Amino acid sequence: MPRHESVWSATAALPECGPIDQNLHADVCVIGGGIAGLSTAYHLSKAGRSVVVLDDGPLAGGMTRMTTGHLVNMLDDRYFELEKLRGEEAMRVAADSHTAAIDSIDEIVRREGIDCDFSRLDGYLLLADGDKPATLERELDAAHRAGLKGVERVARAPYQWDTGPALRFPRQGQFHPLKYLAGLAEAIRREGGRIFCHSHADHVEGGVPGLVHVGQHVVTADAVVVATNVPVNNLLTLHTKQAPYMTYVIGARVPAGSVPKVLAWDTGDPYHYLRMQDDLLIVGGEDHKSGQAHDSPQRYRNLEAWARQRFPMMQEVAFMWGGQVMEPADYLAFIGHNPMDHDNIFVATGDSGMGLTHGTIAGILLCDLILGRKNPWEKLYSPSRVPLKAAAELAREDLNMAAQYSDWLTGGDVPSVDLIPRDSGAIVRRGLEKIAVYRDPEGVLHERFAACPHLGCIVQWNPGEKTWDCPCHGSRFDATGHVINGPANHNLLSAKRPDHKRAA
Ligand SMILES: Cc1cc2nc3c(=O)[nH]c(=O)nc-3n(C[C@H](O)[C@H](O)[C@H](O)COP(=O)(O)OP(=O)(O)OC[C@H]3O[C@@H](n4cnc5c(N)ncnc54)[C@H](O)[C@@H]3O)c2cc1C
Ligand code: FES
């Protein structure tokens, strides 16, 4: 049986840290210890600012733990599509900033001596089944106009199977994300930064100073950065400009040397993405809108079938894991001042499938904004931008979101909790309420109100991940209702009834 965890969690310990135990003041308080938060804290502490980092889980325990660790300046939504929406200059800045992000990781790894398996390697954009070579031609032209150096068309990628024509992107990167974040955390501490885990930021207030409430304690700061992947301090503005998608990964053993060490993605929608880590072939894809598909176990089987067809030497699947990415309507992350908020509150979100480079860009850009320095990327990533030309995409996603509220009118997944097997969940209707019921492996029932604490959509059971996923703006909860992804900042409310405490 494959282990249901990321290969990164299985091969590196998460950095140690304890909870906050007093009120504190810092120049900057960063909420979120993933790549966006720690990169921001790193640059600020290097610039001599005092920093407090808060994470409510273990450090690096969010979506950075679930990544596949491709570091690329290829845009997963394509340069030619970005050009259509935002023009040639935007395309150039996007190419510059993603290239700079890979360079920055390369430099930090060397400067701080971080042992995180970082390497430079080629990346290949492959044609998905049924797609036409013209897609590659358009992307090649656009990549050149964007100023990317060395991108070229090749007759095939260096895999054993005949991939057909592909684009080669030179000097991409890959690393072990958790080892990299452990190195960043150490470097922050060396500069005097203070990092706290198991410290949930309940509430953020702008003004002078900014306030972050963490249980009994308060952190005061000149500036606050909310790097929680999906902002937990922004009720609506940003959440209507991006949409949550689940994506799945398998890691399968292959004989040494049988698969070249390159990165690859195809032009499908959803697309497949590939890399090697030691003797593991890592294959991702099968994305779907969060909370809107009930067949995640099948998606792992689809990934395996896709990979076995192309890599017949593949042995057992050793790992499987899934996570969520936020897809901005106009393809690029939102990094900067939180819209309609005090000037000293900043956010980073809209990671897309490029959250590692976007998170690294956030580190550089937010540091500049907080220090009052000019940065040529500011406008491109501004969270306040109105993606006018993406209106059709926005309308489609917003209609989809609105349609989710009709879940209040339907019945439950099952008529009775008796039909829920062990280690599984289902929605049950009880009068006017919908209840999210999980039966744990011992048979104990855990009952929570199914209304998402963000804006009230009905959460859905994800059988592959054993999570409750909200179909509206990306909130996710573990099987017993604890929040694991914003924008909700609280757990699902308990709906426990004494007579339902234990069942067969
Ligand atoms: C399967 C998968 C594959 C991917 N592959 C790639 C890839 O190859 N290349 C790429 O560039 N990107 C990839 N991505 C995207 C990328 O990994 C993520 O976008 C990125 O790691 C997110 O980093 P982050 O810092 O924004 O968020 P996170 O890593 O999620 O960090 C946010 C942190 O905030 C904390 N937090 C949340 N709320 C609170 C609160 N109220 N108080 C305190 N702390 C809080 C969480 O505990 C968490 O640790 C992938 C994503 C997935 C899911
Ligand atoms: S995430 Fe907005 S309602 Fe659930």
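First listed ligand is number 1; within each ligand, the first listed atom is number 1. Values below: every heavy atom of this structure, side chains too, minus hydrogens, waters and symmetry copies. From a predicted model like this one, the values you see are computed outputs, not experimental measurements.
With 3.5 Å as the limit, one finds a donor-acceptor pair spanning the side chains of His200 and Asn489. Side-chain polar atoms of His272 and Asp266 form a donor-acceptor pair below 3.5 angstrom. No hydrogens or angles considered: nothing links the side chains of Asp469 and Ser290 as a donor-acceptor pair under 3.5 Å.
Taking a 4.0 Å cut-off on heavy atoms, Ala227 registers as neighbouring ligand 1. Distances shorter than 4.0 angstrom do not occur between any heavy atom of Tyr248 and any atom of ligand 1. Within the 4.0 Å heavy-atom shell around ligand 1 one finds Gly353. Ligand 1 has Ser199 within reach: a non-hydrogen atom of the residue lies less than 4.0 Å from it. For Ala488, the heavy-atom gap to ligand 2 stays at 4.0 angstrom or more. The closest approach between any non-hydrogen atom of Gly69 and ligand 1 is below 4.0 Å.
In summary, the aromatic rings of Tyr245 and His288 are positioned with their centroids too far apart to meet the 6.0 Å limit.
Taking 2.8 Å as the criterion, Cys472 does not count as a coordinating residue of atom 4 (Fe) of ligand 2, since none of its N, O or S atoms falls below it.
Within ligand 1, the atoms closer than 4.0 Å to a non-hydrogen atom of Gln324 are 53 (C), numbered from 1 in the order shown. Residue Gly33 has at least one heavy-atom neighbour below 4.0 Å for each of these atoms of ligand 1: 33 (C). Taking every heavy atom of Thr247 and a limit of under 4.0 angstrom, the matching atoms of ligand 1 come to 1 (C), 2 (C), 52 (C), 53 (C). Residue Thr357 approaches ligand 1 through these ligand atoms, each under 4.0 Å from one of its heavy atoms: 11 (O). If you number the atoms of ligand 1 from 1 as listed, the ones under 4.0 Å from a heavy atom of Gly34 come out as 25 (O), 29 (O), 31 (O). Less than 4.0 angstrom separates some heavy atom of Met66 from each of these atoms of ligand 1: 1 (C), 2 (C), 3 (C), 52 (C). Close contacts between ligand 1 and Ala36 involve ligand atoms 25 (O), 26 (O) [criterion: under 4.0 Å to a heavy atom]. Those atoms of ligand 1 with a heavy atom of Gly62 less than 4.0 angstrom away are 29 (O), 30 (O), 48 (C), 49 (O).
Contact of the Phe118 side chain with the Lys179 side chain is not registered, since no non-hydrogen atoms from C-beta on lie closer than 4.5 Å.
Nearest residue to atom 13 (C) of ligand 1 from Thr67, Asp202, Ile31 is Thr67 (criterion: closest heavy atom). Around atom 36 (N) of ligand 1, the closest heavy atom drawn from Thr349, Leu54, Asp56 belongs to Asp56.
Salt-bridge check for Asp103 with Arg120: passed, with a basic side-chain N closer than 4.0 Å to an acidic carboxylate O.
Per residue His473, closest N, O or S atom to atom 2 (Fe) of ligand 2: atom name ND1.
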Please output the side-chain donor-acceptor pairs of residues 218-226 that fall under 3.5 Å, not counting sequence neighbours, one pair per line with the distance.
| unit_1 | atom_1 | unit_2 | atom_2 | d |
| --- | --- | --- | --- | --- |
| Thr220 | OG1 | Leu24 | O | 3.4 |
| Thr220 | OG1 | His25 | ND1 | 2.8 |

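When each of Phe319, Trp321, Tyr300 is checked for a ring-ring contact (aromatic ring centres under 6.0 Å, His included) with His4, only Tyr300 meets the rule.
Of the heavy atoms in Val249, only side-chain atoms (C-beta onward) come closer than 4.0 Å to ligand 1.
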